[in-house]
Visitor: 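Once you've had a glance at the structure underneath, I'll fire off some questions.
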Amino acid sequence: MSDSSKLSITVRRSQLGQVRGLGAARGGVRHWWVQRLTAMALLPLTIWFVISVLGLLGAPQSAVAGFVAAPVNTVLLVALVAISLHHAEAGVQTVIEDYVHREGSRIASLLAVKALTLFLALVGIIAVLKLAFTAVH
Amino acid sequence: MIGRDSAGGLVRRPLSPHLQTYRWPVTMLSSILHRATGIALAAGCVLLVWWLVAAAGSPAYFAFVQGFLASWLGVLMLLGWVAALSYHVLNGIRHLVWDTARGFEKPGLNATSYAILGGTAALTLLVWVVGFAVWR
Ligand code: HEM
């Protein structure tokens, strides 16, 4: 141990390879964290949703509308739709980045997924809100 | 294959054998299934939104969508959705446990992979037995 001052190693890294911690924009783990947080939120939400839908199988439209319009269900459904599509968007982004290598196609498919998931989320939320604000109680 | 080392110089890299060369360990199946079920569930979001739109739409449109979901194709899609969700949730929980730096020993990995496959079958069956029992 006494001669440890003589030890040396050569680290061959480019300047780009030396980015540490969160990176220059402090955004290094952002995407990973979004995927985990939305997963944790979806765990109870999807279980609640499956159980609720089991109770609505074959039910008339009025029963479905009544279910959606109940305030607690309205909130949980909006959360389910928004968080599912956020999680799906982040997840599919990873898949595209893994398999689509041509820059142009990659950017195009990433933008298409963003647009599609945002659109679906808006449509779903507006459908829920429409039922919430028009259903006769 | 030609690649670059970390200093930017060109080096010749060895190519590893391609996928077909390997015997499939259960962990490989379990990993690719998380991706496959994730994509299936992403597609399933269309179904979810479509159902909500139907509920908010005219009686005729609701009947149309209800009819589709009760057709053999609709039932198959719902069955697939429940199976995909069961797998993805169970394996997703394992992912979250991994994130705490636990559960990476090889025997444990094989055991949890089989347990998740079994659990998926059990959960899917449970939801479907209940589903058909309460279907009006
Ligand atoms: C509507 C529901 C869901 C959809 C559409 C969905 C979709 C996806 C997709 C497309 C991916 C990317 C897969 C990949 O990179 O290979 C993914 C990853 C992931 N999902 Fe989900 N998922 C859903 C629900 C859940 C739930 C309830 C959990 C909770 C346990 C969960 C946990 C995860 C985790 C932890 C990852 C990251 C896996 C990794 O880093 O490799 N997901 N999901």
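Here is the naming used below: chain letters follow the sequence lines, and residue numbers restart at 1 for every chain.
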Visitor: Side chains of A:R36 and B:H95, heavy atoms from C-beta outward: is any pair under 4.5 Å?
Guide: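 Side chain of A:R36 against side chain of B:H95, heavy atoms only: contact under 4.5 Å found.
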Visitor: At under 4.5 Å between heavy atoms, what parts of residues 80-90 of chain B are in contact with chain A? List them by residue number.
Guide: B:W81, B:L85, B:H88, B:V89
Visitor: Could you give me the CA-CA distance, side-chain angles and deciding distance for B:L29 and B:L117, then say whether side chain to side chain contact (heavy atoms under 4.5 Å, CB included) is met?
Guide: CA-CA 10 Å; B:L29 176 70; B:L117 289 173; 4.1 Å; yes
Visitor: Select, from B:V53, B:D99, B:L48, the one with the greatest count of heavy-atom pairs under 4.5 Å involving chain A.
Guide: B:D99
Visitor: So which part of B:A133 gets closer than 4.5 Å to some heavy atom of chain A, the side chain, the backbone, both or neither?
Guide: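 No part of B:A133 comes within 4.5 Å of chain A.
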Visitor: Answer yes or no: is there a side-chain heavy-atom contact under 4.5 Å between B:N91 and B:S30?
Guide: yes
Visitor: Report, in residue-number order, which members of residues 90-99 of chain A are under 4.5 Å from chain B by heavy-atom distance.
Guide: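 The residues closer than 4.5 Å to chain B, in numerical order, are A:V92, A:T94, A:V95, A:D98, A:Y99.
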Visitor: Would you check if A:P44 and A:W48 make a side-chain contact, meaning some heavy-atom pair closer than 4.5 Å?
Guide: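 A:P44 does not reach A:W48 side chain to side chain.
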Visitor: Should A:F67 and A:T74 be marked as a side chain to side chain contact (heavy atoms under 4.5 Å, CB included) after you check the CA-CA gap, both sets of side-chain angles, and the distance that decides it?
Guide: CA-CA 8 Å; A:F67 167 81; A:T74 303; over 6 Å; no
Visitor: Under a 4.5 Å cut-off applied to non-hydrogen side-chain atoms, are B:M77 and B:L79 in contact?
Guide: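 No; the side chains remain at least 4.5 Å from each other.
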Visitor: Using a cut-off of under 4.5 Å for heavy-atom pairs, which of A:A127, A:A88, A:S62, A:A39 has the most such pairs with chain B?
Guide: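 The option with the most such pairs is A:A127.
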Visitor: State, to 0.1 Å, how close A:G124 and B:L52 come at their nearest heavy-atom pair, and which atoms those are.
Guide: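 In terms of heavy atoms, the two residues are closest at O-CD1, 4.2 Å.
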Visitor: Look at B:I39, B:L69, B:V127 and state which one has the largest set of heavy-atom pairs under 4.5 Å with chain A.
Guide: B:V127
Visitor: Between the side chain of B:Q66 and the main-chain N/O of A:A59, is any donor-acceptor distance below 3.5 Å?
Guide: yes
Visitor: Picking from B:A63, B:A42, B:A55, which has the most non-hydrogen pairs under 4.5 angstrom with chain A?
Guide: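 The residue among B:A63, B:A42, B:A55 with the greatest pair count is B:A55.
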Visitor: Evaluate side chain to side chain contact (heavy atoms under 4.5 Å, CB included) for B:L109 paired with B:V26, printing each intermediate quantity in order.
Guide: CA-CA 9 Å; B:L109 282 176; B:V26 68; over 6 Å; no
Visitor: Any chance you could lay out the side chain to side chain contact (heavy atoms under 4.5 Å, CB included) test for B:W24 and B:I32, step after step, and finish with the verdict?
Guide: CA-CA 11 Å; B:W24 273 57; B:I32 195 60; 4.0 Å; yes
Visitor: Tell me whether the count of non-hydrogen atoms from other residues, nucleotides or ligands lying under 6.0 Å of CZ in B:R12 goes above 12.
Guide: no
Visitor: Taking non-hydrogen atoms and a cut-off under 4.5 angstrom, which of residues 75-87 of chain A neighbour chain B?
Guide: A:L77, A:L80, A:V81, A:S84, A:L85, A:H87
Visitor: Okay, side chain of A:N73, backbone of A:V68: is any donor-acceptor separation there less than 3.5 Å?
Guide: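 Checked: no pair found.
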Visitor: Is there a side-chain contact between B:L123 and B:W128 (heavy atoms, below 4.5 Å)?
Guide: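 Counting from C-beta outward, B:L123 and B:W128 never come under 4.5 Å.
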Visitor: Taking all non-hydrogen atoms of both residues, which atom of B:F62 and which atom of A:P60 are closest, and how far apart?
Guide: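 For B:F62 and A:P60, the tightest heavy-atom pair comes out as CE2-C, 4.2 Å.
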Visitor: Going by the angle between their ring planes, with limits at 30° and 60°, are B:F64 and B:W50 parallel, tilted or perpendicular?
Guide: perpendicular
Visitor: On a heavy-atom basis, which atom in B:S113 and which in B:R94 lie closest, and how many Å separate them?
Guide: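 Distance-wise, the nearest heavy atoms are OG-NH1, 3.1 Å.
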Visitor: Rounded to the nearest 0.5 Å, how far apart are CE of A:M40 and OG1 of A:T38?
Guide: 8.5 Å
Visitor: Which value, rounded to the nearest 0.5 Å, describes the distance between A:L43 atom CG and B:I93 atom CD1?
Guide: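 Answer for the CG-CD1 pair, A:L43 versus B:I93, is 5.0 Å.
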Visitor: Heavy-atom pairs under 4.5 Å with chain A are the metric here; pick the option from B:P59, B:A7, B:G44 that has the most.
Guide: B:P59
Visitor: Strictly less than 4.5 Å between heavy atoms, which residues of residues 100-123 of chain A line up against chain B? Please order them by number.
Guide: A:L120, A:V123
Visitor: Answer whether the closest heavy-atom distance between the side chains of A:L57 and A:L54 falls below 4.5 Å.
Guide: yes
Visitor: Side chain, backbone, both or neither: which part of B:L96 has a heavy atom under 4.5 Å from chain A?
Guide: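 Answer is side chain: those atoms of B:L96 sit under 4.5 Å from chain A.
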Visitor: Any side-chain heavy atom of A:F49 sitting closer than 4.5 Å to one from A:L42?
Guide: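 Heavy-atom side-chain distance check fails, nothing below 4.5 Å.
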